[in-house]
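Notes for the one structure printed next.
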Amino acid sequence: MPNRAMSWKALLIAYSIIASVTLAVGVIFFAHGFTLILPFSGIEVLALGAALYITAWRGGIQEVITFTDDSIQVQRGHGGPEETHSFQRAWVRIVLERSWNNWYPSRLLLRSHGKQLEIGRFLNEQERQGLAELLRSAACRDNQ
């Protein structure tokens, strides 16, 4: 699960404060005869609300990786599993694919039989490398 800077409640409080100040300024200018300020203030508040909602929604994704005796299962979703991917444990390869330049982060992939799945897209580079090592050790330890 991604690290969130703010909880949903804190985000709503911050948004409410910003929206209130912006709309209050718009109303004051509207009262002084500057009629176009209020509609643009409303558009700004709606755009900020949409951006914050999308960011919070993307921050709520979860990936759960389950090892069984014969498979590795990855469940992904918001609040509950929306996607489920299974790989045969004996054939899966855990690959940390580095980018061709240093501008882009690496990709952590599960590969098997021509199928691949990227996991941990929301992790930073050190967390992704740690997860790769953890997955490799879990896969090796249980296969022995």
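Atom CD of Glu127 is separated from atom CZ of Phe122 by 9.0 Å, given to the nearest 0.5 angstrom. Separation of atoms CZ (Arg107) and OG (Ser99) is listed at 9.5 Å; rounding is to 0.5 Å. We find the CG-CZ distance between Leu108 and Arg121 to be 11.5 Å, quoted to the nearest 0.5 Å. Here the CZ atom belonging to Arg98 is positioned 6.0 Å from the CD atom belonging to Glu125, to the nearest 0.5 angstrom. Here Leu123 contributes atom CG and Gln129 contributes atom CD; the two are 11.0 Å apart, rounded to the nearest 0.5 Å. The CZ atom of Arg4 sits 14.5 Å away from atom CZ of Arg58, with the distance rounded to the nearest 0.5 Å.
Phe30 is not connected to Leu23 by any chain of hydrophobic side-chain contacts under 4.5 Å among Ile, Leu, Val, Met, Phe, Trp and Tyr, and they are in different clusters. Leu109 and Phe67 are not part of a single hydrophobic cluster, where members link through side-chain heavy atoms under 4.5 Å apart. Two different hydrophobic clusters hold Ile61 and Val64 under the rule that ILVMFWY side chains link at heavy-atom gaps under 4.5 Å. In terms of hydrophobic clustering, with Ile, Leu, Val, Met, Phe, Trp and Tyr side chains grouped at heavy-atom distances under 4.5 Å, Val95 and Ile72 are assigned to different clusters. Under the 4.5 Å side-chain heavy-atom criterion for ILVMFWY residues, no single connected hydrophobic cluster contains both Val25 and Val27.
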Please walk me through it: do Arg128 and Ser106 pass side chain to side chain contact (heavy atoms under 4.5 Å, CB included)?
-> CA-CA 8 Å; Arg128 193 175 298 108; Ser106 62; 3.5 Å; yes

Apply the test side chain to side chain contact (heavy atoms under 4.5 Å, CB included) to residues Val74 and Leu110: give CA-CA distance (whole Å), side-chain angles for both, the deciding distance (0.1 Å), then the verdict.
-> CA-CA 10 Å; Val74 179; Leu110 298 179; 3.6 Å; yes

Anything under 3.5 Å between a donor and an acceptor, one on a side chain of residues 34-57, the other on a protein residue two or more places apart or in another chain? List them.
from, atom 1, to, atom 2, distance (Å)
Ser41, OG, Ile37, O, 3.0
Thr55, OG1, Ala51, O, 2.8

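In this structure the side chain of Phe87 never reaches within 4.5 angstrom of the side chain of His113, judged on heavy atoms. The shortest side-chain heavy-atom distance between Arg76 and Leu117 falls under the 4.5 Å cut-off. Taking the side chain as every heavy atom from C-beta outward, His85 and Glu63 never approach each other to under 4.5 Å. Within the 4.5 Å cutoff, side-chain heavy atoms of Ile119 are placed close to those of Ile65.
With respect to Glu118 and Arg111, no salt bridge is recorded, no charged nitrogen being found less than 4.0 Å from a carboxylate O.
With hydrogens and angles ignored, the 3.5 Å screen pairs no side-chain donor or acceptor of Ser71 with any backbone N or O of Gln73. Although no hydrogens or angles enter the test, the distance criterion places a donor-acceptor pair under 3.5 Å between the side chain of Arg89 and the main chain of Thr68.
No more than 12 heavy atoms of other residues, nucleotides or ligands shown are found within 6.0 angstrom of CZ on Phe29.
A pairwise comparison of heavy atoms in Glu82 and His78 identifies OE2-N, 3.3 Å as the closest pair.
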